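To start, the structure itself, in structure tokens.
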Amino acid sequence: MEAYETYQTPLSSRYASKEMAHLFSPAHRFKTWRELWLNLAIAEKQLGLPIPDEALEQMKSNLDLTPEQFDIAAKEEKKRRHDVMAHVHTFGQVAPAAAGIIHLGATSCYVTDNADLIFIRTGLTFLLKSLAVVISRLSAFAVQYRALPTLGFTHFQPAQLTTELLWDLRNIKRARNDIGFRGVKGTTGTQASFLTLFDGDHDKVEELDKLVTELSGFDYAYPVTSQTYSRKIDIDVLAPLASLGATAHKIATDLRLLANLKEVEEPFESTQIGSSAMAYKRNPMRSERVCSLSRHLMVLHQNALMTSSVQWFERTLDDSANRRITLPEAFLTADIVLSTLQNVCEGLVVYPRVIARRIAQELPFMATENIIMSIVKKGGDRQEAHEKIRVLSHEAAHQVKNLGLENDLIARVRNDPYFSPIHEELEQLLEPQTFIGRAPEQVDKFLKEWVQPALDDEELKVAVADGGKVELSV
């Protein structure tokens with residue numbers, strides 16, 4: 001019952017994937033800290049510091065924390081008011097041979113910042129794979145309905161949705177590939193503590209930075225940092241996530257509007273309840289959730305901007321509490337937005353007959369320009385034809401708006417002798433397929449020349465192939 005008696009963020013308790021929720025969990029965070037301490041000790045020993053093999057073995061054997069160790073760390077932090085030193089002490093209790101060399105030469109940001117960079121890079125990889133699956137699902141939808149005419153509020157082009165997500169894929173991949181490692185830089189970035197450890201040997205200090213960076217799985221470390229890595233990095237990471245939020249919000253909003261028109265609907269289970277009062281309702285709750293969370297995702301970027309702007313000199317600690325909330329929430333929220341979008345895309349329902357009925361209602365007005373052009377081709381006067389159509393259109397609009405009747409513009413055109421030269425062409429002029437332009441060809445070309453090459457990336461190809469359907473719990 002204890003879990004139900006304290007607040008839990010719905011991001012992890014209701015919506016997020018297990019992988020993303022685990023990535024930012026205390027268990028994974030503090031295990032990563034221990035791995036970083038182990039990498040530092042390995043590199044320091046390799047470069048000549050007297051660190052016993054037993055110390056490294058004990059550290060390797062105790063990377064995962066037990067519940068008892070979490071309790072010890074909590075008590076230590078309450079006493080010391082310092083989370084990193086609390087965990088240094090806790091790690092030393094289970095690796096006593098290493099107790100005297102854990103965190104040797106390092107500052108707190110060695111573990112906190114380097115761990116954050118690991119989480120950020122891994123989280124971006126998770127998001128890239130999820131986004132690739134969503135793009136794949138929307139691409140299939142675009143192919144299926146590539147030639148379906150509809151009142152597109154411009155013309156119906158499913159590829160429009162895919163296009164914006166493709167930009168997000170590019171932006172997130174760039175951000176992921178740009179992530180470096182803070183490395184071992186000391187208290188203010190000067191590496192002074194490590195220079196002391198290695199008796200003034202600059203080459204060994206540089207080699208230490210390189211070794212720890214490689215042991216931690218990074219190709220390079222930022223060449224210059226202060227005590228922290230630059231908080232500009234957080235800006236660069238959250239910017240493409242905020243942009244993804246804007247894309248997702250637009251997609252979900254369009255789907256909500258189409259659901260109101262009864263042209264397209266998101267999945268709706270047979271036992272699902274749309275309203276506690278109005279039993280007939282089929283609310284687009286998934287798309288509404290995407291919009292709701294996307295707004296949250298978009299504004300989190302502001303936190304990164306403000307935090308970066310107020311860092312004093314080498315650092316101030318007023319970034320810490322903010323980042324503990326902002327970074328995990330950004331990744332969890334983006335993860336939820338993508339999984340919900342995937343669920344929606346995998347179950348979209350299109351109602352072609354509803355679409356056709358709406359086209360039939362509006363097509364006469366849309367066809368007026370074609371009617372005018374045809375009259376001119378038969379020798380008519382363009383201005384005269386325009387005036388005739390204008391008068392008949394207003395009369396038909398009166399029938400629709402004021403009397404609630406059907407659009408009878410075409411019947412009025414048929415009954416007007418002025419348009420007799422083109423009466424036989426009216427059916428052809430009203431063919432919906434003549435209004436969609438090159439939409440089908442544009443879809444085909446875009447998918448072939450842009451989407452498929454993007455998804456042919458080996459990492460993403462595997463993600464799409466392995467991507468199963470998303471089932472939402474709530």
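Source: prediction; values computed, not measured.
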What is the distance from atom [atom1] of [X] to atom [atom2] of [Y], rounded to the nearest 0.5 Å?
X	Y	atom1	atom2	result
S287	L257	OG	CG	10.0 Å
Q58	I102	CD	CD1	9.0 Å
E329	S12	CD	OG	9.5 Å
I172	S243	CD1	OG	8.0 Å

Below 4.0 angstrom, N of the basic side chain to O of the carboxylate: do [X] and [Y] qualify?
X	Y	answer
K78	D83	no
D113	R231	yes
R357	E263	no

Reference residue K185; test side-chain hydrogen bond (donor to acceptor under 3.5 Å, both in side chains); the match among D209, N114, T225: D209

Measure the shortest side-chain to side-chain distance between [X] and [Y] over non-hydrogen atoms and say whether it is less than 4.5 angstrom.
X	Y	result
F141	V350	yes
L127	L241	yes
L11	L293	yes
F446	L166	yes
E76	D71	no
S108	H82	yes
F70	T66	no
Y15	P10	yes

Checking [Y] against [X]: is there a side-chain donor and acceptor pair closer than 3.5 Å?
X	Y	result
Y229	D116	no
H249	T253	yes
N343	R286	yes
R323	T307	no
T187	Q227	no

Between [X] and [Y] (side chain of the first, backbone of the second, donor and acceptor by atom type, cut-off under 3.5 Å), is there such a pair?
X	Y	value
E266	G347	no
T368	P364	no
N62	V94	yes
T90	A86	yes
S25	H22	yes
R80	H89	no
S216	F218	no
T122	I118	yes
Q342	I135	no
S339	D335	yes

Could you give all pairs that pass the ring-ring contact (aromatic ring centres under 6.0 Å, His included) test and reach residues 310-333, with sequence neighbours left out? F24-F331

Under the 6.0 Å and 45° cation-pi test, does R121 pair with F119? no

Sequence-distant partners of H301, ring pair (Phe, Tyr, Trp, His ring centres under 6.0 Å), two or more places apart: none

Contact summary for L261 and V354, nearest pair of heavy atoms: O-CG1, 3.7 Å

Set out, in order, the CA-CA distance, both residues' side-chain angles and the distance that settles side chain to side chain contact (heavy atoms under 4.5 Å, CB included) for L405 and V400, then state yes or no. CA-CA 5 Å; L405 302 176; V400 174; over 6 Å; no

Using the salt bridge (charged side-chain N to carboxylate O under 4.0 Å, His left out) rule, collect all pairs that involve residues 344-355, keeping only residues at least two apart or in two chains. R137-E346

Is the ring pair H87/W33 parallel, tilted or perpendicular, if the boundaries are 30 and 60 degrees? perpendicular

